[in-house]
Amino acid sequence: MSLEIYNSLARQKEPFEPVEPGRVHMYVCGPTVYNDAHLGHGKTYINFDIIFRYLRYLGFKVRYVQNITDVGHILDTGEDRILLGAAREQMHPMELVETYTRRYFRDMDRLNILRPDISPRATGHIPEMLEWIANLIKTGHAYEANGSVYFDVGSYAEYGKLSGRRLEQAQSGTRVQIAEEKRRPEDFALWKKAEPEHIMRWNSPWGEGFPGWHIECTVMSVKYLGLPFDIHGGGVENKFPHHECEIAQAEAVTGNSFVKYWVHNGMLMIRGEEMHKSLGNFITLEEAFERWDPMVIRFFVLQSHYRGPLDMSEEALDGAARGLQRLRSTLRAVRRRIQSAPPGESPAELTTLLESGREAFEASMNDDFNTPNAIAALFELSRGINAWLDQGQGITQEALEAVDSLLERLMGEVLGLLPEGLEDEMEPGLGRELIELLIQARSALREQRAFEAADAIRDQLAELGVQLQDSPEGTTWTMA
RNA sequence: GGCGACGUAGCCAAGUGGUUAAGGCAGGGGUCUGCAAAACCCCCACCGUCGGUUCGAGUCCGACCGUCGCCUCCA
C-alpha cells in the first residue's frame with residue numbers, strides 16, 4: 001500500500017505521486033514574527049513536521065521551505081503588527097523581527113521539529129516580488145491605483161476553486177473594508193503605498209511601499225521549489241483568502257498549475273474555543289513548557305489527526321503524559337538489558353511481532369498521515385514487547401537490538417518523540433552515583449528485612465523524582 | 001447571510017456500509033511483589049436527535065439541535 005494524501009483542492013484523498021519521481025518539494029506558510037509562538041503554532045508545525053519526516057522515511061528526497069513573514073501587515077485598524085510590536089518593545093522593526101525569529105526557532109527546536117531546509121524571509125525577496133507584480137500588470141491581471149497595486153480577481157476565472165467561493169456570492173462589503181481605489185471589493189493588494197509614518201518601506205516602480213501579504217508565499221515558493229510543486233501546507237484559516245490569492249497570483253501569470261496537493265491542518269482549541277488573547281486563553285509555547293515536557297505536547301498533538309481540530313485541556317495533556325511514559329518505559333527496559341543479554345539469534349515470534357507492528361504503523365501513516373492510528377499500533381507493539389520481556393525466553397542481544405532499532409525508527413525518526421534518547425537517562429556523575437549508592441544501601445536493608453527503613457528511602461527518593469522499581473534481577477530507577 | 005468542518009465511553013481520540021466500534025488516560029477486578037511501582041491478563045460505548053436509502057449504516061442522503069472555522073493580512 002502506498003501513500004495517500006487528502007488534497008483540499010480535490011476535497012478527497014489522492015494517491016501521492018510527486019511531480020518528479022523520488023523528490024518532494026513542499027512549502028508551508030510560516031509565522032509572522034512579531035510575538036512569541038503559541039500552542040497553535042506548535043500544533044501546526046508539528047503536523048507538518050510529521051509529513052516532512054514521513055516522506056523522508058519513505059525514501060523521498062524532500063526540500064522543505066517555510067517562510068518567515070517579517071513584513072508588517074495591516075490590521076483593520078490601519079496598524080501593522082510588526083510596527084506595533086516594535087513600538088511596544090522600543091526596537092527597530094528588523095530588531096523585533098530578528099528577536100522573535102530566533103525565539104521561534106528555539107521553541108520549534110524544543111518540540112523536536114526539524115528545521116526546514118530553507119527559511120526564506122519576505123524582506124529578502126522584495127526584488128522578486130516587484131518583478132512578479134510587474135508581470136501581473138503586464139499580463140493584465142493587476143492594476144496600479146494611487147501608488148498601490150491590486151490583483152484584479154475578475155481576470156482569473158478560477159478564483160475561488162480552493163475555498164469553494166464564487167465572486168457573485170461574496171458579500172457586498174458589509175465587513176470588508178473597501179479601499180475606494182479598488183475596482184472591486186474582492187481585489188487584493190499586491191503592493192501597498194507606504195504612508196509617511198510607515199517605517200518598513202521599499203522603492204518600487206509605483207513609489208515607496210511594502211508588499212501585500214499573499215505575494216511573498218507565491219514568489220518564494222516558486223523561487224525555491226519550481227512550478228508546479230508538490231505540497232503546499234498551512235492552517236485551514238488560511239485557505240481563504242491567503243491560499244486562494246496565492247493560486248490566483250501564480251496561475252494567472254504563469255498559466256501553469258501552481259501546487260499539486262494542498263494540505264490544511266485543523267486548529268487548536270482551548271476548552272472548545274479558538275485561542276485568543278481577548279478570551280484569556282492564549283498560551284505561548286514557553287509558558288506551556290513550564291507545565292509540560294515538550295515531548296508530551298508533541299505526543300498529545302500526534303494523538304489526534306492533523307486535519308481535525310484539537311481541543312486541549314490540562315486533563316487531556318496529563319493523560320498524554322502517562323501514555324508517552326508507557327511507551328518510553330518499554331524502550332528503556334529494552335535498552336537496559338542490551339549490554340547484559342546473551343548473544344544469539346532473534347526468535348522468530350519476535351521477528352513476526354516487530355514486522356506486523358511496523359506494517360500496521362506504515363499502513364496508518366500511508367493513510368493520510370494517520371498518526372493516532374500509528375500510535376495505537378505502537379502501543380500494541382509495546383504491549384507485545386513487554387509481554388515478550390516478561391516471559392523471559394529468547395531475550396538475546398540481537399533480539400533486543402532489533403527491537404531498539406525499530407522503536408528508534410518509528411518513534412524517533414518518524415514521530416520525533418525521542419529527541420536525544422530518553423531524557424531521563426541521567427548522565428554519569430555524582431547524582432547518578434549517589435542514587436546508586438542509596439539503592440545499594442536499601443538493598444542491604446531489604447536483605448535484613450528492614451522494610452520500614454528501605455521503604456523510607458524509596459519514598460524519599462520518589463519525592464525527589466527518582467522512581468525505584470524492584471525486580472528479581474535487582475532494582476532499577478527512572479527519573480519521573 | 002454565504003462557504004466549510006465537526007458532534008463516537010468520565011476525559012482525549014481512530015474508524016474503506018457488513019462477523020465481537022482501534023488506541024491512550026482515568027476507573028474496577030486479577031497475576032507478580034515483603035509492600036509498592038512497573039509490567040501482563042480481564043472488564044468498562046450501540047456512535048447528537050429524527051427520518052430516509054440499503055439485505056445491512058457510526059460510516060451514504062435529508063431535516064433538526066449543538067459546537068467550531070473562514071468570509072477582517074490569525075498557525
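Only a predicted model underlies this, so the values are computations on that prediction, with no experimental measurement involved.
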Any strand: nucleotide that pairs with [N] via Watson-Crick or wobble, under 3.5 Å:
N: B:rG7; value: B:rC65
N: B:rG1; value: B:rC71
N: B:rU53; value: none
N: B:rA45; value: none
N: B:rA39; value: B:rU31

Of the candidate nucleotides [options], which contains the atom at the shortest distance from the side chain of [X]?
X: A:Ser304; options: B:rG24, B:rA75, B:rA13; value: B:rA13
X: A:Glu380; options: B:rG4, B:rG23, B:rA26; value: B:rG23
X: A:Ala387; options: B:rA13, B:rC40, B:rC11; value: B:rC40
X: A:Ala316; options: B:rC12, B:rA38, B:rC73; value: B:rC12
X: A:Val236; options: B:rC11, B:rG69, B:rA38; value: B:rG69

Measure centre to centre between the rings of [X] and [Y], then say whether the value is under 6.0 Å.
X: A:His198; Y: A:Phe210; answer: yes
X: A:His264; Y: A:His243; answer: yes
X: A:Tyr100; Y: A:Tyr34; answer: no

[X] [atom1] to [N] [atom2], straight-line distance once rounded to whole Å:
X: A:Glu447; N: B:rC35; atom1: CD; atom2: P; result: 17 Å
X: A:Phe451; N: B:rA37; atom1: CZ; atom2: P; result: 16 Å
X: A:Ile113; N: B:rA75; atom1: CD1; atom2: C1'; result: 11 Å
X: A:Arg383; N: B:rG23; atom1: CZ; atom2: C1'; result: 9 Å
X: A:Lys239; N: B:rU72; atom1: NZ; atom2: P; result: 16 Å
X: A:Asp311; N: B:rG7; atom1: CG; atom2: C1'; result: 12 Å
X: A:Asn366; N: B:rG15; atom1: CG; atom2: C1'; result: 17 Å
X: A:Leu268; N: B:rU67; atom1: CG; atom2: P; result: 20 Å

At less than 3.5 Å, do the side-chain atoms of [X] and the base atoms of [N] form a donor-acceptor pair?
X: A:Asn373; N: B:rG23; answer: no
X: A:His305; N: B:rA13; answer: no
X: A:Arg458; N: B:rC35; answer: yes
X: A:Asp318; N: B:rC25; answer: no
X: A:Arg446; N: B:rG34; answer: yes

Checklist entry - Looking at side-chain heavy atoms only, is the closest gap between A:Leu406 and A:Leu381 below 4.5 Å? => result yes
Checklist entry - Any side-chain heavy-atom pair from A:Trp132 and A:Thr218 closer than 4.5 angstrom? => result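 Yes, at least one pair of side-chain atoms sits under 4.5 Å.
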Looking across every strand, which nucleic acid part, if any, lies under 4.0 Å from [X] by heavy atom: base, sugar-phosphate, or nothing?
X: A:Arg442; result: base
X: A:Tyr45; result: sugar-phosphate
X: A:Met312; result: nothing

Checklist entry - Taking for each residue the nucleotide of RNA chain B with the nearest heavy atom, is it A:Arg449 or A:Gly323 whose nucleotide lies nearer the 5' end? => result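 Going by which nucleotide is closer to the 5' end, it is A:Gly323.
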Checklist entry - Okay, side chain of A:Glu244, backbone of A:Gly160: is any donor-acceptor separation there less than 3.5 Å? => result yes
